[in-house]
Amino acid sequence: MKTVRVPAGWPATEEQARAAQDELRGRVVLDEPGPPPGTGTVTGVDVAYDDERDLVVAAAVVLDAASLRVVAEATAVGQVSFPYVPGLLAFREIPTVLAALDTLPCPPGLVVCDGYGLAHPRRFGLASHLGVLTGLPTIGVAKNPFTFAYQEPGAPRGSASPLLAGADEVGRALRTRDGVKPVFVSVGHRVSLDHACAHTLALTPKYRLPETTRRADSLCRRALQEATP
DNA sequence: GCGACAG
DNA sequence: ATCTTGTCGC
């Protein structure tokens, strides 16, 4: 498994991290529809932590978008590069996630992140950040509404309601299973919100969470065990 | 000013 | 995120 160092000049304080967000935020592209759902390839990324050793393991799992079968996998280990601060999650995960993506033997296609994109206090969550750094189309699918407000969507799978920051729709609460708590979808880079939701539904034929994040989650946990004797 | 707060 | 058994249900 590839080992990663924290990049030189990586933000060390919250102030530096926010300044970096401000600098990168202007490069997000929001006016592209993105790849059509159900075609090409879709990649899930996720990380697991070892608080004892301050390690983080990232996994990237590439699926065929039509069959949802695994096409390729990669992992990477690194030193945790930032403390957990709500709103600054990307600075904790991104160096190792980038390394895992780099290790893939094929192009990732659309990248599905475990967290937010536009639905972020500063409108620049993990998915936005990863998209700008890689140029890849990205979306965020989170398990919790963070600080945002929403109306409960209808009970049937496919029902959705706006995720609101004041009057702005920053994402969508999307029901992926009948009568089960919704997931919270937001745009990252080069994908429309409608397409982001369509992709999320295409990735949830059986479970609440997308197959991409389920596969990436289990892979990074396994890899963490093998990396920590 | 104080809490809440993706993973 | 992570600490954690059994249990209910398809």
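Below, all heavy atoms of this structure are taken into account, side chains as well, without hydrogens, waters or symmetry copies. Naming: A, B, ... by sequence-line order, numbering from 1 per chain.
Rounded to an integer number of Å, the gap from CG of A/Asp114 to P of C/dA1 is 7 Å. Atom CZ of A/Arg221 and atom C1' of C/dT4 are 12 Å apart (whole Å). As rounded to whole Å, 12 Å separates atom C1' of C/dT2 from atom CD of A/Gln225. Rounded to whole Å, the distance from CG on A/Asp178 to C1' on C/dG9 is 16 Å. Atom CZ of A/Arg122 and atom P of B/dA6 are 17 Å apart (whole Å). Between the CZ atom of A/Phe184 and the P atom of B/dC5 there is a distance of 13 Å, rounded to whole Å. For the pair A/His129 NE2 and B/dA6 C1', the interatomic distance rounds to 15 Å; values are reported in whole Å.
In this structure, the separation between CD on A/Glu73 and SG on A/Cys220 is 11.5 Å, given to the nearest 0.5 Å.
Counting non-hydrogen atoms under 4.0 angstrom, A/Ala48 reaches the backbone sugars and phosphates but no base. Counting non-hydrogen atoms under 4.0 angstrom, A/Asp46 reaches the backbone sugars and phosphates but no base. Note on A/Gly140: nothing from the nucleic acid sits closer than 4.0 angstrom, heavy atoms only. Here A/Leu88 lies in heavy-atom contact (under 4.0 Å) with a base. Using a 4.0 Å heavy-atom distance criterion, A/Tyr49 is classed as a sugar-phosphate-only contact.
Contact annotation: the side chain of A/Val97 approaches that of A/Leu130 to within less than 4.5 Å [non-hydrogen atoms, C-beta and beyond].
Between A/Asp217 and A/Arg214, no side-chain nitrogen of the basic residue sits less than 4.0 Å from a carboxylate oxygen of the acidic one, so the salt-bridge criterion is not met. Salt-bridge check for A/Asp114 with A/Lys143: passed, with a basic side-chain N closer than 4.0 Å to an acidic carboxylate O.
Applying the 4.5 Å side-chain rule to ILVMFWY residues, one finds that A/Val29 remains a lone member of its cluster.
Within the 4.0 Å cut-off from OP1 or OP2 of B/dG7, at least one side-chain nitrogen or oxygen of A/Asn144 is found.
Geometrically, A/Arg172 does not engage A/Tyr150 in a cation-pi contact, judged by NZ or CZ lying under 6.0 Å from the ring centre and within 45° of the ring axis.
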Taking Watson-Crick and G-U wobble pairs with both distances under 3.5 Å, convert DNA chain C into its dot-bracket string, 5' to 3', dots for unpaired and | for cross-strand pairs. ..........
